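The structure appears below as structure tokens.
Chain letters run A, B, ... following the sequence lines, proteins first and then strands; every chain starts at 1. Please read all numbers here as calculations on a predicted model, not as lab measurements. The figures that follow rest on heavy atoms only: side chains count, while hydrogens, waters and symmetry mates do not.
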2 protein chains.
Amino acid sequence: MRIGELAARTGVSVRSLRYYEEQGLLVSTRSGGGQRHYTEDDIDRVDFIQRLYVAGLSSRTIMELMPCRDAPSDENSDSALERMAQERDRLSTHIKELLHTRDSLDGLIAAARADRDGRRTAA
Amino acid sequence: MRIGELAARTGVSVRSLRYYEEQGLLVSTRSGGGQRHYTEDDIDRVDFIQRLYVAGLSSRTIMELMPCRDAPSDENSDSALERMAQERDRLSTHIKELLHTRDSLDGLIAAARADRDGRRTAA
DNA sequence: CTTGCATCTCACATTGATGTCAGGTTTTAG
DNA sequence: CTAAAACCTGACATCAATGTGAGATGCAAG
């Protein structure tokens with residue numbers, strides 16, 4: 001498929017797909033005229049990339065993780081594996097922080113609601 | 001306390017504290033010479049702001065939430081309350097995504113480890 | 001063949017929080 | 001009183017992903 005279709009099917013902009021390629025995260029074959037062509041597999045790949053972006057990883061970091069996904073049996077993926085475990089931990093920590101923040105919000109919301117209802121009852 | 005101490009005690013840079021004030025998130029009293037002075041309470045306030053930043057909220061959004069924290073009994077905090085509930089939900093969704101991503105990473109890590117150990121045993 | 005839509009490259013703009021530098025003023029310690 | 005350290009404002013830099021626009025080319029359908 002061409003880039004437009006991949007964009008449509010992943011929900012990622014054409015611009016971003018080209019950027020991913022520029023960063024070495026995504027590879028395409030070129031038609032005679034120079035247009036990018038992708039396979040079905042690339043959809044999953046883009047989804048994965050997106051997920052990591054959402055998780056706050058930089059394209060540089062994602063690049064370091066890719067060998068682990070592409071060639072798990074490759075010798076030099078040992079460092080990628082270590083890197084991935086490290087990022088997993090970072091993510092875990094981040095999730096914990098977010099849960100804490102959510103608790104804070106819940107506390108504020110509950111307090112505000114109670115206060116509001118109190119006022120309403122009093123009025 | 002002055003800005004340097006607040007920075008030291010919150011782990012937020014002096015530059016950022018000034019920026020928070022510029023965005024209306026933080027208020028300071030000024031000494032005769034124009035230097036900012038803060039109270040102990042401001043430490044919690046800055047911590048709260050930081051937490052929301054980490055949760056991905058923009059300073060604009062944080063500003064909309066502040067009335068709910070500062071004056072929960074204020075009439076016009078109803079909209080802030082609603083906004084806060086909305087952000088809480090957004091955060092929940094985000095956390096769910098991150099958990100999903102962490103699962104993906106766990107899967108890849110497990111696969112890579114299994115593969116590596118398989119190779120080692122075979123070798 | 002022609003017309004129109006998709007794609008190409010290249011380059012510059014944007015956003016948001018923060019860093020950094022410069023030149024001047026305030027505060028504090030000796 | 002004086003020197004050092006902290007602070008002030010203002011402006012410009014940065015980073016990373018993405019938007020956007022121009023000008024040129026590829027490709028598919030009539």
Side-chain angles (χ1 to χ4, degrees), chain A residues 1-39 42-43 45-66 87 90-91 94 97-98 101, chain B residues 1-39 42-43 45-66 87 90-91 94 97-98 101:
Chain A
M1 82 192 81
R2 288 190 294 167
I3 199 170
E5 186 178 345
L6 183 60
R9 292 176 68 179
T10 58
V12 173
S13 75
V14 167
R15 174 68 174 90
S16 292
L17 292 177
R18 294 204 191 100
Y19 177 74
Y20 295 170
E21 179 168 322
E22 188 181 306
Q23 299 304 305
L25 302 178
L26 190 58
V27 185
S28 62
T29 58
R30 299 299 186 107
S31 73
Q35 302 200 345
R36 295 169 176 85
H37 283 254
Y38 301 94
T39 69
D42 288 323
I43 294 179
R45 191 182 182 87
V46 171
D47 283 344
F48 182 65
I49 293 171
Q50 266 293 303
R51 206 198 301 290
L52 294 185
Y53 269 126
V54 167
L57 306 211
S58 69
S59 60
R60 174 153 195 71
T61 303
I62 297 176
M63 176 116 110
E64 291 172 16
L65 265 44
M66 276 313 192
E87 286 303 325
R90 238 181 42 79
L91 183 54
H94 190 212
E97 287 174 356
L98 293 189
T101 300
Chain B
M1 81 193 79
R2 288 191 294 166
I3 198 169
E5 186 178 345
L6 182 60
R9 292 176 68 180
T10 57
V12 173
S13 74
V14 167
R15 174 69 175 87
S16 292
L17 292 177
R18 295 204 190 100
Y19 177 75
Y20 295 170
E21 179 169 321
E22 189 181 306
Q23 300 303 307
L25 302 178
L26 189 58
V27 185
S28 62
T29 58
R30 297 299 186 107
S31 76
Q35 300 201 348
R36 294 170 176 83
H37 282 255
Y38 301 93
T39 69
D42 288 323
I43 295 179
R45 191 183 183 86
V46 171
D47 283 344
F48 182 64
I49 293 171
Q50 266 293 303
R51 207 200 299 291
L52 295 185
Y53 269 126
V54 168
L57 307 211
S58 69
S59 60
R60 175 153 194 71
T61 303
I62 296 175
M63 175 114 111
E64 291 173 15
L65 265 44
M66 276 312 192
E87 286 303 325
R90 237 178 42 78
L91 182 54
H94 189 212
E97 286 174 359
L98 293 188
T101 300

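Among the atoms of the strands shown, none is found under 4.0 Å from any heavy atom of A:Arg60. Nucleic acid contact for B:Gln23: none, since no nucleic acid atom lies under 4.0 Å from a heavy atom of the residue.
Comparing B:Ser58 and A:Gly33 along DNA chain C, the residue whose closest nucleotide (by nearest heavy atom) sits nearer the 5' end is A:Gly33. Each of A:Tyr20 and A:His37 lies near DNA chain D, and the nucleotide nearest A:Tyr20 is the one positioned closer to the 5' end.
Note: CD1 (A:Ile62) to C1' (D:dA16) measures 11 Å, nearest angstrom. Rounded to whole angstrom, the span from the CZ atom of A:Arg15 across to the P atom of C:dA11 amounts to 12 Å. Between A:Tyr53 atom OH and D:dA16 atom P there is a gap of 10 Å when expressed in whole angstrom units. Between A:Ile49 atom CD1 and D:dA16 atom C1' the separation is 15 Å, expressed in whole Å. Put simply, CZ on A:Arg18 is 8 Å from P on C:dT7, counting in whole angstrom units. Atom pair A:Glu21:CD and C:dC10:P shows a separation of 12 Å (rounding to whole Å applied). B:Leu25 places its CG atom 12 Å from the C1' atom of C:dA17, with the value rounded to the nearest Å. Rounding to whole angstrom units, CD of residue B:Glu5 and P of C:dT28 are separated by 12 Å.
The side chain of A:Ser31 lies closest to D:dG26 when the candidates are D:dT9, D:dT20, D:dG26. With C:dT7, D:dT9, C:dG19 as the choices, the nucleotide that has an atom nearest any side-chain atom of B:Arg30 turns out to be D:dT9. Proximity note for A:Arg36 (side chain, C-beta onward) versus D:dC27, D:dA6, C:dC8: the nearest is C:dC8. If you check C:dT27, D:dG19, C:dC8 against the side chain of A:Ser13, the one that comes closest is D:dG19. Of the candidates C:dT18, C:dT27, C:dC12, C:dT27 carries the atom nearest the B:Arg2 side chain, counting heavy atoms from C-beta on. Distances were taken from every side-chain heavy atom of A:Ile3 (C-beta onward) to each of C:dT9, C:dT7, C:dT28; the shortest belongs to C:dT7. Which of D:dG26, C:dT7, C:dA17 sits closest to the side chain of B:Tyr19 comes down to C:dA17. Here D:dG26 is the nucleotide among C:dG19, C:dT27, D:dG26 with the atom lying nearest to any side-chain atom of A:Gln35. For B:Ser59, taking side-chain heavy atoms from C-beta onward, the closest of the listed nucleotides C:dT7, C:dA17, D:dC7 is C:dA17.
For D:dT18, the OP1/OP2 oxygens have a side-chain nitrogen or oxygen of A:Ser16 closer than 4.0 Å. For D:dA17, neither phosphate oxygen OP1 nor OP2 lies less than 4.0 angstrom from any side-chain nitrogen or oxygen of A:Gln50.
The shortest side-chain heavy-atom distance between A:Asp42 and A:Tyr20 does not fall under the 4.5 Å cut-off.
With respect to B:Arg2 and B:Glu5, no salt bridge is recorded, no charged nitrogen being found less than 4.0 Å from a carboxylate O.
Using modelled atom types, no side-chain atom of A:Arg51 and backbone atom of B:Glu97 make a donor-acceptor pair closer than 3.5 Å.
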For B:Arg30 and B:Arg36, run side chain to side chain contact (heavy atoms under 4.5 Å, CB included): C-alpha distance rounded to whole Å, both residues' side-chain angles, the deciding distance at 0.1 Å, then the answer. CA-CA 5 Å; B:Arg30 297 299 186 107; B:Arg36 294 170 176 83; 3.2 Å; yes
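To the nearest 0.5 angstrom, B:Leu57 atom CG is 11.5 Å from B:Ile49 atom CD1.
Donor-acceptor pairing under 3.5 Å is recorded for the side chains of B:Glu21 and B:Ser28.
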